[in-house]
Amino acid sequence: MASENETLPKAYEPAQVESRWYTFWKESGFFAAHDESDKPPFSIAIPPPNITGSLHMGHAVFVTLQDVLTRWKRMSGYNALWLPGTDHAGIATQMLVERDLMEKEGKSRHDIGREAFVERVWAWKRKYGGRITEQFQQLGASLDWARERFTLDEEFNRAVREAFVRLWEEGLIYRANRLINWCPKDRTALSDLEVDHDEGAQGELFEFAYPLAEGEGEIVVATTRPETMLGDTAVAVHPDDERYRHLIGKEVRHPFTGERIPIVADSILVDPSFGTGAVKITPAHDFNDFEVGKRHGLEMRNILNPDGTLNEAAGPFAGMDRFEARKAVKEKLAELGLARGTKPHVLALARCQRCGTVVEPYLSSQWFVKIAPLAKPAIEAVEKGDTVFVPETWTNTYMAWMRDIHDWCISRQLWWGHRIPAWYCPDGHITVARETPESCSTCGARELRQDEDVLDTWFSSGLWPFATLGWPEKTKALETFYPTSVLETGYDIIFFWVARMMMMGLHFMGQVPFRTVYLHAMVRDEKGDKMSKTKGNVIDPLDVTEKYGADALRFTLAAMTAQGRDIKLSLERVAGYKAFANKIWNAARFALLHMDQVDMSRAPEPEKWSDADRWIVTRYHRAVADTVAALQAFKFNEATSRVYQFLWHEFCDWYIELVKPRLYDGTPEEKATSARVLRDVLEGSLRLLHPFMPFVTEEIWQKLPRAKDDPPSIMIAPYPTPDPDRLEDAEADRFDTLVEWVQAIRSLRVDLSVPEGAEVEVFFDADEETTAWLASRVGWLRRLAKVKRAAPRAEGWPEKVPSGFVRGIDFRIPLEGVVNREELVAKLRKEEEKLAAELEKIQGRLSNERFLARAPADVVAKDRALSEEMGARLAKVRENLAMLGEGEG
RNA sequence: AGGCCCGUAGCUCAGUUGGUAGAGCACCACCUUGACACGGUGGGGGUCACUGGUUCGAGUCCAGCCGGGCCUACCA
């Protein structure tokens with residue numbers, strides 16, 4: 001087996017190992033969670049990606065973080081379930097297939113009809129719908145594929161119908177004729193959330209006059225949408241406005257139709273200081289005006305067709321597009337001498353989130369969820385702490401929205417989605433049922449017509465955490481895994497998804513859907529812009545994994561996931577972590593050269609450890625403790641940096657160098673003992689790193705010697721736990737003195753221009769106890785600092801040479817001349833300055849009586865020690881300067 | 001309009017309860033030593049945006065201010 005190492009390539013090639021291991025894990029069933037298990041449950045339901053999606057960095061972030069959590073918990077002895085699935089994504093998918101249909105056959109969906117179109121979407125889904133989840137596999141996602149779900153599959157359909165019917169029966173779903181946001185291009189209603197407000201659009205405020213119906217005079221109003229005047233059914237003024245008070249109750253004449261329109265007083269809507277203080281009222285096309293209309297019993301006159309053209313109510317303007325009509329109305333008003341000028345005006349244009357079209361408030365019959373009764377428990381659950389947000393600042397965002405929530409328009413005039421389970425009889429009675437009914441529940445009529453609309457995609461997504469586990473059946477899976485442990489998602493869908501799941505979960509399950517909501521930051525492009533499908537600025541993570549490996553990408557994303565800050569992805573960083581994987585690979589190559597010394601049938605023998613063995617074991621346990629603590633707190637960046645720091649800078653930089661003398665020149669027993677420590681620490685580190693870098697860790701782990709009863713894969717091996725007895729070890733810490741001394745000798749060698757390969761002698765001076773401790777350990781210096789002999793002061797003390805000072809050790813290297821005297825003097829001067837300044841600060845503090853009186857004793861003691869230490873170092877620096885003839889005497 | 005976040009080394013960013021400013025990359029010098037040049041060793045580099053306040057002590061808490069970003073909101 002040891003000879004295998006000779007064939008290991010010097011550089012790690014991720015592409016060659018990654019897919020191989022994924023297949024192995026999947027086929028071995030390691031991803032599977034169990035409905036019945038003695039282990040405690042841990043569950044995450046994946047945020048189901050749209051079937052239209054292809055992998056982008058946003059996915060890569062959540063896949064990474066959720067996989068890190070799942071692998072960590074699975075290794076930590078949990079029955080860990082990470083449940084995969086996809087979302088049918090109503091509008092997005094329909095649009096995509098429509099475009100495809102138009103491009104390939106030149107037909108619209110109306111040309112082929114509903115049934116054929118829906119079948120076509122299914123065909124598209126069967127062909128491409130699995131693409132996104134396959135891409136997740138390339139990132140190493142340890143999802144339980146046997147449980148994969150789709151929001152439109154048969155079981156999910158049943159859950160959606162069940163939820164709808166129950167809410168209807170409870171009076172929490174109703175149908176109403178109301179103003180909703182309407183996208184004229186997609187020809188569907190939208191919820192408030194699906195409308196983006198395009199801040200700062202430059203528009204204009206057009207003013208025109210309504211002539212009074214009786215007598216002379218006019219009233220001037222202002223609007224950003226002049227065409228809506230075709231639907232005006234009132235003019236409103238403030239009741240206290242002196243300018244208009246005498247006109248309240250009078251009428252104006254509509255300039256196009258001659259109709260008489262009332263002037264009403266409305267203190268809620270009208271701000272007398274804005275514009276002319278008079279407001280035209282279009283109840284059917286403006287949310288404010290709609291309220292005014294209700295307050296004053298005004299006619300709601302709809303002037304628009306579903307496609308955004310004007311309808312017959314617009315008279316001569318009928319058939320025009322709304323923007324065309326806007327121009328025409330302005331011209332007509334100008335013709336009649338009623339235009340009163342325009343002013344530039346900045347407004348927030350409401351646009352369809354999907355297609356960017358300017359949406360219109362539109363009066364139509366839609367289905368709504370009465371949301372307040374659902375929101376109340378969802379607010380209370382967070383107040384009680386049943387669900388916790390991390391970072392907790394998002395609690396405010398959630399609460400603010402929930403407390404000011406509006407009823408949710410859930411019907412969409414689409415074909416792709418869950419068709420609303422409601423039927424109408426010829427008399428217009430509504431029958432809502434789980435299965436297609438035979439007859440009207442009110443009048444018994446047998447001619448029934450199902451509602452044409454489908455449900456908002458987010459309605460089904462809201463059921464995700466329990467519908468995926470079998471609800472409405474009372475399944476074992478539900479019992480075991482609900483509530484889920486963690487919801488991990490982006491903060492951009494707190495309202496769309498998190499809030500809806502909270503409400504639905506509490507309502508239907510009586511329990512919160514998840515205990516913790518971890519909200520990760522957004523990945524942005526190099527300019528800091530949000531990546532989105534519509535903008536087309538997505539970076540393909542697969543390109544990155546191909547070049548650097550999935551491990552490197554995962555580690556990067558985890559390392560950059562600091563709570564609350566967005567990620568601006570840097571490929572240099574990814575390259576850096578590829579180097580990290582390579583570093584570990586090579587550390588393993590080194591270890592494997594010595595694994596023939598290891599006998600796994602024997603227990604480790606701490607009593608035979610060297611100082612270095614003991615030191616690295618302590619360091620290892622501290623790294624484990626810190627990493628686990630970071631994971632528990634969802635501090636992914638801290639976890640990664642701790643593992644990185646340990647493996648690279650403690651294990652590779654120090655321990656591997658420290659262990660070499662024993663491995664090369666030790667007794668057989670020493671070789672065996674230290675090779676075992678080398679193996680054990682490396683093996684443990686791999687398990688520690690595994691959730692972040694699953695592939696390279698498995699590749700190496702499989703090559704290391706293992707005990708007979710070890711599991712067949714690192715991914716089901718136990719996660720490291722810190723040994724409390726190893727965390728505090730004064731003996732191990734004392735070894736740091738030696739480490740720092742090595743560094744100081746190296747530094748002095750550079751200052752003295754000692755050639756890299758040359759061995760030197762070192763004389764040292766310290767207190768008696770330290771001297772004795774060091775004297776028995778100077779052997780470490782040979783290899784690490786190229787010191788052929790290190791002797792205490794008693795055996796020699798060279799004068800007129802620069803000296804070094806560290807941790808109470810004073811040491812000198814006897815050398816004839818200093819080559820780079822200028823540089824050394826400059827460096828010493830700088831150090832002197834720095835030390836003097838620092839010392840002054842500390843001494844200032846120590847001479848401040850208030851500091852001495854009020855600061856905690858340990859802080860004062862620390863300062864005293866520091867002051868002493870710095871004083872000694874400063875004296876040393878000055879001594880060196882004096883020796884070089886630069887001192888002040 | 002309201003709310004939230006950010007401004008720390010050339011770049012990207014860490015900095016838990018206030019107690020001598022850190023990492024990665026980049027940069028400089030030296031080194032192909034028997035795991036690794038995707039490497040090793042040693043270095044340089046910051047008045048923590050700004051102004052006040054609280055405190056023995058503030059990158060860290062408070063107030064204000066400048067700059068950047070995000071989210072909610074029906075101002076015609």
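Heavy-atom basis, side chains included; hydrogens, waters and symmetry copies ignored. Each chain gets a letter, A, B and so on, in the order the sequences are listed, and its residues count up from 1.
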Just how far, in rounded Å, is [atom2] of [N] from [atom1] of [X]?
X: A:K635; N: B:rC13; atom1: NZ; atom2: P; result: 19 Å
X: A:K788; N: B:rU33; atom1: NZ; atom2: C1'; result: 18 Å
X: A:R845; N: B:rG57; atom1: CZ; atom2: P; result: 11 Å
X: A:D196; N: B:rA73; atom1: CG; atom2: P; result: 11 Å
X: A:R873; N: B:rU20; atom1: CZ; atom2: P; result: 15 Å
X: A:F851; N: B:rG18; atom1: CZ; atom2: C1'; result: 13 Å
X: A:F580; N: B:rC36; atom1: CZ; atom2: P; result: 18 Å

Side chain of [X] (C-beta onward), nearest among [options]:
X: A:Q743; options: B:rG42, B:rA14, B:rA35; answer: B:rG42
X: A:M870; options: B:rC13, B:rU20, B:rC36; answer: B:rU20
X: A:K862; options: B:rU20, B:rA76, B:rA14; answer: B:rU20
X: A:P856; options: B:rA35, B:rG19, B:rC36; answer: B:rG19
X: A:K830; options: B:rU12, B:rG45, B:rC75; answer: B:rG45
X: A:K583; options: B:rU41, B:rA35, B:rC4; answer: B:rA35
X: A:H345; options: B:rG42, B:rU12, B:rA76; answer: B:rA76
X: A:K568; options: B:rA35, B:rG40, B:rC13; answer: B:rC13
X: A:D653; options: B:rU20, B:rU41, B:rU12; answer: B:rU41
X: A:E756; options: B:rA35, B:rU72, B:rG40; answer: B:rG40

Note to self: In terms of relative ring orientation, are A:F811 and A:W741 parallel, tilted or perpendicular, with 30° and 60° separating the classes?
What the structure shows: perpendicular
Consider only side-chain N and O atoms of A:R589 and A:N586, and report whether a donor and an acceptor are under 3.5 Å apart. yes
Categorize [X] for me: base, sugar-phosphate, or nothing, with a 4.0 angstrom heavy-atom threshold over every strand shown.
X: A:D271; answer: base
X: A:T393; answer: sugar-phosphate
X: A:K578; answer: base
X: A:A11; answer: base
X: A:S747; answer: sugar-phosphate
X: A:Y664; answer: base
X: A:L866; answer: base

*asked:* Heavy-atom count check: over 12 atoms from other residues, nucleotides or ligands less than 6.0 Å from A:E833 CD?
replied: no
[N] phosphate, OP1 or OP2, under 4.0 Å from [X] side-chain N/O:
X: A:K660; N: B:rA35; answer: yes
X: A:R573; N: B:rG24; answer: no
X: A:Y577; N: B:rU12; answer: no
X: A:H649; N: B:rG24; answer: yes

Subject >> Aromatic ring proximity, centroids under 6.0 angstrom, A:H594 and A:Y664 >> reply: yes
* Answer with yes or no after comparing the ring centroid distance for A:W394 and A:F389 against a 6.0 Å cut-off, counting only values under it. => no
**Asked** Ignoring hydrogens and angles, does a donor from either the side chain of A:E638 or the base of B:rA23 sit under 3.5 Å from an acceptor on the other?
**Response** no
As a quick check of understanding, evaluate side chain to side chain contact (heavy atoms under 4.5 Å, CB included) for A:Y244 and A:H238, giving each step before the final call. CA-CA 8 Å; A:Y244 302 114; A:H238 195 277; over 6 Å; no
Counting only Watson-Crick or G-U wobble pairs whose two distances fall under 3.5 Å, which nucleotide matches [N]?
N: B:rG24; result: B:rC11
N: B:rC70; result: B:rG3
N: B:rA35; result: none
N: B:rC30; result: B:rG40

- [ ] Using the six-membered ring of A:Y644, assess whether NZ or CZ of A:K583 lies under 6.0 Å from its centre and within 45 degrees of the ring axis.
- [x] no
Assign each of A:K841 and A:A591 the nucleotide of RNA chain B bearing its closest heavy atom; nearer the 5' end lies the nucleotide of A:K841
